[in-house]
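Read through the structure below, which is laid out as structure tokens, and then see the notes.
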Amino acid sequence: MQKHTDTASGSTESENGASPDAATKFDAWHTLSVDDISGRLNTDQEAGLTSAEAAERLKRVGPNSIAQAAERSAFSILISQFKSLIVGLLLVATVIAFAMNEQIEGAAILVVIFINAMIGFFTEWRAEQALTALQRQTVPVAHVVRDGHEHEIPAQDLVPGDLVVLSAGTRVPADGRILEAVRLQIEEAVLTGESVPVTKTSEPIAEDDAALGDRLNMAFLGTTITDGRGRMLVTSTGSQTEVGKIGTLINEVVARTSPLEQQLAQLGRLIIGVVLILCAVIVLAGWIRGTTDFWHMMEIGISLAIAAVPEGLPAATTMTLALGMQRMARTRALIRRLPAVETLGSVTVICTDKTGTLTRNEMTVRTIVVDQRHFQVTGTGYEVEGTFQEGNQTVEASANESLVQALQIGMLCNDAAIEREGDETTVLGDPTEAALVVVGEKGGLDRDALADQFPRIGEIPFNSDNKRMVTVHQTSDGQHIEFIKGSPGSLLADSQHHLRDGQAVPLTSEDRKYWEEQNEVLAGAALRVLALGRRERAEGDEEGESGNLVFIGLVGMSDPLREEAKSAIEVCRTAGIRTVMMTGDQQATAGEIARQLGIDHDHDGRPLRLVHGKELVDLDDQRWEQAVADAGVFARVSPEHKLRIVAALQRQGHVVAMTGDGVNDAPALKEADIGIAMGIKGTEVAKENSDMVITDDNFASIVGAIEQGRIIYGNIIRFIHYLFSCNLSEVITVFAALMIGWPLPLAALQILWLNLITDIFPAFALALEPSTPNIMKRRPRDPDTPILPPRLIFLITWEGLLLAAVTLLAFAVGLNWHGSEGDGLKRATTIAFMTLALSQVFHAFNARSRNGSAFTRHLFANAWLWGAVIICVLLQLAAVNIPLLQRVLNTVPPTSSEWALIVTCSLIPVAVVEIVKHVQRMAGKGSDQD
Ligand code: ADP
Ligand code: MG
């Protein structure tokens, strides 16, 4: 880091101390020196603003946000309810009713319109709210220094003058002038269209009209930090920023329609067409046969059309997905794109990181190899208590010069910090590095003293491509020295010397072999292995130039497995989902951990392969597919490999979920069917490119989300099954009666009533089925199966026929008892109406499972369903007993023998369906359904 003492630039001194408001209008920040900038913004380069000053400025300049796409207001949702085909049809029916002087009927239809709209409104509004809440969960944050301390705050609270910390993998939260840049690389495609990251600097730039892309000392809101770190002073916020000026929305809007919803909308259009034709036929047939007059027939036809059109289906589906998404949030899976809920159910492969996801990412150094000696380190976690042992002897670390050097490098080539307050230990930064701090403390080293002795003057941060970290330090005699830690293979390859008894001696090929073997020994014990090295810097050397290292030694650290991970992997296996571990760690470590977790074999006990990253170099597409075909572990992979792995799996027909955390993972996260970002360890950019964020970074949460995805999809199928069979039964009942030459078994308003009652309570209750037994014991759903596969169509058809048959049966008995004239007919239609209504209500139990019995111990699992049944029964009782409803619906209270007829007939479908399911189960068919 360079300290800035230059006060070059000139020109603007007179404006020093100007108010920050005025400052935001200023447009040549890049020409100023760092000191001018902080003066002008009236802020401190080290301590930032005070919180009081920041609050004051926030009041004055307003929040740091750009107007987002407006949410749909409740009002606009309400209005849209009246713009539908159904409402149009209902209005026609109202007009007909009033024209025929049937005021009560007309008024009743208006009430239906109103109720219909309210239901539609409620459904959509609920879904909308869930989606908005979802967007709110992902508000961007900024790391800001205020009152001398670093805080994480919502990015919209930033004000001009704030001192912001920039780190790789985040978005720049406002426009600012860069004070410090350490290999800071920013990709500015949103502004400049240029996708190659630019290297930033803190030096002033002379031309005051430099193009945005050339303002190398500025960072702009919405651009992505791809590498390095830095600090900036905020110069403008919100709509004053460059992005704000052009009004671009940075956050892509959350996708709102899923393939399922699109399929449903398509299906809906098809059904509308069919239904309208069918209803026209019914109207004509009834009229020609003289069943009733034309206008009454029209009413019946329209009511049937309304009943049969599954208009609310897409909205109800959205709501089901959205509610499911909220349920998932409680199990630590935040869905970022709604369609993911449904895709989750058909995942066949999960490609997962090792560290932190399958393991706990709590590193503890166990072994250090230096001087051809193995030192074991005792202690647990990040506690300082622990000793060094050789064999069974406790040794003083300070007594061994090479060991001391290793510990020093571990502490200095390190960005982690450990904060201890009482019993609380917080790790800031990478746990791998924290472990090195702890082991240094165990060895009695003082990190602060070391840092003073070897001040850091440069660094190359770790990333998963280079797999090493380099820091440059100044020694007391003014020399520069580099400390390096990273993967053993690459360090060894760059080494010409190694350390013996504290002295650098040439590295022979035997020594090399020795180190390679030791690496294997440590890795084979499932330890994460890091090599340490140093390099004297000669005059004129490039920072981080490779070669000529002195190899110091190896450090092996353990990382306990997550207990839940093993059982979650087992669950995946029985669910037909392959777990593939992708890690930057080396083969032996990865292989041992895979063995402990059981990733090394598949569903049928066949072994899965362990693939080394170097096998993946220069493969063509076909070879890639071979490589991924039966792989369980990929070791030493780079983010770029991940992308190819995902693509190859997809070409083989897999639905791939993939985890990622770094900036480099973004393309693979995008490519995967379900990109999963880690909530804790993940970078902002990884999250933005994901479909789902796991808040606890835990593999088990992924599996939990997949289970929820399967349940939700199952529920959507349940209510589709239910709704369609009910609607069909209404159409068939009327159509069949007409064909036979009977009077109409249902009145127009009765049909509308049925449509409101059954469409709503039982259908929504089915959408809330809490779980399905054995859902994780089945193979994943093929995403290409249509929403209504032939089997389901067949089921819906015969069940619809069955419901219609019992209704017509009851109607026939009613006609037989009471005749088909006047009050007799009224009794018979009441019987038909009640039978159809109750049989539909009971049919909900059939729709809970397509092959399982409704009468198992899960009968009471869905309390919603029982609530819905009770409400529906009460409403039906009201329909025949309350005078107003009697008049509107043209009903009479049934006698006890009529009740016996109604109840018997409406229970028949449940009995028949149960018997059929039983027979099917005996025949062993349909066992793969729920
Ligand atoms: P993963 O996250 O899959 O465990 P990483 O990409 O983090 O893998 O690490 C790969 C390798 O890079 C490790 O085996 C280790 O040798 C090295 N490494 C990991 N973290 C650091 C670090 N902070 N500094 C230097 N080297 C590291
Ligand atoms: Mg890592």
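In listed order, ligands and their atoms are each counted from 1. For the single chain, residues carry numbers from 1 onward in sequence order.
Side-chain contact, D371 with S402: a donor N or O sits under 3.5 Å from an acceptor N or O. Side chains of S558 and R366: a donor-acceptor N/O pair is present below 3.5 angstrom, by distance only.
Counting the atoms of ligand 1 from 1 in the order shown, those under 4.0 Å from a heavy atom of D430 are 20 (N), 23 (N). Each of the following atoms of ligand 1 lies closer than 4.0 Å to a heavy atom of L530: 15 (C), 16 (O), 17 (C), 18 (N), 27 (C). The contact set between ligand 1 and T583, taken as ligand atoms under 4.0 Å from a residue heavy atom, comprises 1 (P), 3 (O), 4 (O).
Looking at T432 next to ligand 1, no N or O pair under 3.5 Å apart turns up. Considering both main-chain and side-chain atoms, E433 comes within under 3.5 Å of ligand 1 through a nitrogen or oxygen pair. Between K681 and ligand 1, no N or O atom pair is found at a separation short of 3.5 Å. The shortest N or O to N or O distance between T355 and ligand 1 is under 3.5 Å.
Using 4.0 Å as the threshold, V529 has a heavy atom nearer than that to some atom of ligand 1. Residue contact check for ligand 1: D353 places no non-hydrogen atom closer than 4.0 Å to it.
E482 contributes no side-chain N or O that, together with a main-chain N or O of R535, makes up a donor-acceptor pair within less than 3.5 Å.
Here E615 pairs with nothing under the salt bridge (charged side-chain N to carboxylate O under 4.0 Å, His left out) rule; sequence neighbours left out.
With distances taken over non-hydrogen atoms, the option nearest atom 11 (C) of ligand 1 out of M582, M557, R636, Q586 is R636.
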